[in-house]
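The first residue in the sequence is number 1, and the count goes up from there.
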Amino acid sequence: MDPVRTPFSLLAERWQPSAAMVRRATFAALVMSVVIVVTGGAVRLTASGLGCSTWPRCTPESLTPTPEMGYYGIVEFTNRMLTYVLSAAVGWAILAARCHRPWRRSLTKLGWAQFWLVMSNAVLGGITVLTGLNPYTVALHMIAAMALVWVALLMWERAKEGDAAPKLAVARPIHQLSYVLVTVIGLLVAAGTLVTGAGHHPGTPRDNKIVPRIPLDYDRLAQFHADFAFISVGLTIAMIFVFAAIKAPQPAKSRTKELLAVLLLQGVLGFIQYFTDAPELMVGLHMLGASLTWIAALRIPLALRTRKAEDTPEKLPTQAPQTAAV
């Protein structure tokens, strides 16, 4: 019985991208996942969160912003349009992974996971607008964006590896410790969304009293966020010493030092924005730093194991030809 032919399989018969092109496609999807985090933050920081009054249209009567909406409508609508650029980058990654030979199903699945995360986050963004920038949906919107960054990074890293079962390069407790570090960094990012939800930038002009805020003390939340930052820095320094003691792979050592550098830079930005009443530019840089911190942390466990190409079945020993029965 012939296999089912789909548009993807037909395309794969005519186009087989190189492994280098697959890596470029997955990297483009990763870059766009970070860009959409930064531009989403720009919408909030320019007070354009309700620049389009509804979703999926910009106004009940118009798909695009009207002249009366001015600058705020343009900023919000531009961010919505960038979702299509992100979708195109993810689509390219999916097609490149599907058409590459040999076909790696695991890589293609990661591409489709990105696609559904983009779609769900677009819906969540619409809910955020329809709920008048509820701070909890805004926080979920940011966390979902970080989940997209996670999957995009994993696809890019996997594009440089094989599909064989992973083999740890360090003892299992050390590998598990790296995931503890990732968890702490994830909590650090999540705590940052709470600070934003109670902070100085609700997403609309400051004289707009309609947008709700998280009813918690801003200073206490900022201190809570800073505490996680101190824990993250301490754990990262500990990991550096552990990796030096056990002679961990060099990529893992380098990535841990990169994480420490990003964390320290984030700390400086965080203290500056706290003591300068959170200027928009500093907050925007801090959001970019949050994405880079998350990426740096996620890359560490990936450097502690190896994946080679799938083993090919061993050839059976050659048998002597049998004499046909007379």
* Asked: Are R23 and W156 in a cation-pi contact, defined as NZ or CZ under 6.0 Å from the six-membered ring centre and within 45° of the axis?
  ->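 No, cation not above the ring by the 6.0 Å, 45° rule.
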Under 3.5 Å, sequence neighbours excluded: what are the donor-acceptor pairs made by side chains of residues 116-129?
unit_1, atom_1, unit_2, atom_2, d
S120, OG, W116, O, 3.0
S120, OG, L117, O, 3.0
N121, OD1, H141, ND1, 2.7
T128, OG1, L124, O, 2.9

Please check if [X] and [Y] belong to a single hydrophobic cluster, counting links between Ile, Leu, Val, Met, Phe, Trp and Tyr side chain heavy atoms closer than 4.5 Å.
{"X": "Y218", "Y": "F271", "answer": "yes"}
{"X": "V268", "Y": "L259", "answer": "no"}
{"X": "I185", "Y": "I240", "answer": "yes"}
{"X": "L288", "Y": "L148", "answer": "yes"}
{"X": "L181", "Y": "V149", "answer": "yes"}

* **Contacts of type salt bridge (charged side-chain N to carboxylate O under 4.0 Å, His left out), residue R158, not counting sequence neighbours** =>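 R158 satisfies salt bridge (charged side-chain N to carboxylate O under 4.0 Å, His left out) with E161, D163 once adjacent residues are dropped.
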* Please name all residues satisfying salt bridge (charged side-chain N to carboxylate O under 4.0 Å, His left out) with R299, sequence neighbours left out, ordered by chain then number. =>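 Result, salt bridge (charged side-chain N to carboxylate O under 4.0 Å, His left out) vs R299: E157, E258.
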Should we say atom [atom1] of [X] is surrounded by more than 12 heavy atoms from elsewhere, each under 6.0 Å from it?
{"X": "K109", "atom1": "NZ", "value": "no"}
{"X": "R101", "atom1": "CZ", "value": "yes"}
{"X": "K257", "atom1": "NZ", "value": "no"}

Does a side-chain heavy-atom distance below 4.5 Å link [X] with [Y]?
{"X": "E280", "Y": "T46", "value": "no"}
{"X": "L30", "Y": "M155", "value": "no"}
{"X": "V138", "Y": "T193", "value": "no"}
{"X": "M32", "Y": "W92", "value": "no"}
{"X": "R305", "Y": "K167", "value": "no"}
{"X": "R24", "Y": "F27", "value": "no"}
{"X": "V90", "Y": "L86", "value": "yes"}
{"X": "F77", "Y": "M69", "value": "no"}

* To do: Give the intermediate values and the outcome of side chain to side chain contact (heavy atoms under 4.5 Å, CB included) for residues V189 and T293.
  => CA-CA 9 Å; V189 174; T293 302; 5.8 Å; no
Roughly how far apart are [X] [atom1] and [Y] [atom2], rounded to 0.5 Å?
{"X": "D277", "Y": "H200", "atom1": "CG", "atom2": "NE2", "answer": "4.5 Å"}
{"X": "Y136", "Y": "I214", "atom1": "OH", "atom2": "CD1", "answer": "5.0 Å"}
{"X": "L260", "Y": "L265", "atom1": "CG", "atom2": "CG", "answer": "11.0 Å"}
{"X": "W15", "Y": "L95", "atom1": "CH2", "atom2": "CG", "answer": "6.0 Å"}
{"X": "L304", "Y": "R172", "atom1": "CG", "atom2": "CZ", "answer": "12.0 Å"}
{"X": "R80", "Y": "L63", "atom1": "CZ", "atom2": "CG", "answer": "9.0 Å"}

* All side-chain hydrogen bond (donor to acceptor under 3.5 Å, both in side chains) counterparts of T66, not counting sequence neighbours ->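 E68.
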If I compare all heavy atoms of [X] with all of [Y], which pair ends up nearest, and what's the gap?
{"X": "K253", "Y": "A248", "value": "CE-O, 3.3 Å"}
{"X": "A169", "Y": "P249", "value": "CB-CG, 3.6 Å"}
{"X": "W103", "Y": "A97", "value": "CD1-O, 3.6 Å"}
{"X": "A96", "Y": "P17", "value": "O-CG, 3.4 Å"}
{"X": "V34", "Y": "S291", "value": "CG1-CB, 4.0 Å"}
{"X": "A47", "Y": "Y72", "value": "O-CD2, 3.4 Å"}

Do side-chain atoms of [X] reach the backbone of [Y] as a donor and acceptor pair under 3.5 angstrom?
{"X": "W294", "Y": "M146", "answer": "yes"}
{"X": "H201", "Y": "V283", "answer": "no"}
{"X": "T137", "Y": "L133", "answer": "no"}
{"X": "S178", "Y": "H175", "answer": "yes"}
{"X": "R213", "Y": "G197", "answer": "yes"}
{"X": "R98", "Y": "A93", "answer": "no"}
{"X": "S18", "Y": "M21", "answer": "yes"}

Please output the side-chain donor-acceptor pairs of residues 50-57 that fall under 3.5 Å, not counting sequence neighbours, one pair per line with the distance.
unit_1, atom_1, unit_2, atom_2, d
R57, NH2, E61, O, 3.1

* Quick one: do L216 and L194 satisfy side chain to side chain contact (heavy atoms under 4.5 Å, CB included)? Show the steps, please. => CA-CA 9 Å; L216 295 174; L194 296 178; 6.0 Å; no
* Is there a donor in the side chain of H100 and an acceptor in the side chain of Q16, or the other way round, less than 3.5 Å apart? ->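 Checked: H100/Q16 side chains show no N/O donor-acceptor pair below 3.5 Å.
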* **Positive for side-chain contact (heavy atoms from CB on, under 4.5 Å) with V35, one of V37, V38, V31** =>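 The passing option is V31.
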For residues 221-236, which side-chain N or O atoms pair as donor and acceptor with protein atoms under 3.5 Å away, sequence neighbours left out?
unit_1, atom_1, unit_2, atom_2, d
Q223, NE2, D227, OD1, 2.9
H225, ND1, L188, O, 3.2
H225, ND1, G192, N, 3.4
S232, OG, F228, O, 2.7
T236, OG1, S232, O, 2.7

* Determine, stepwise, if the pair V182 / L298 fulfils side chain to side chain contact (heavy atoms under 4.5 Å, CB included). => CA-CA 6 Å; V182 169; L298 290 169; 3.7 Å; yes
* Check the pair I295, W150 against side chain to side chain contact (heavy atoms under 4.5 Å, CB included), reporting the backbone distance first and the verdict last. => CA-CA 7 Å; I295 289 173; W150 185 355; over 6 Å; no
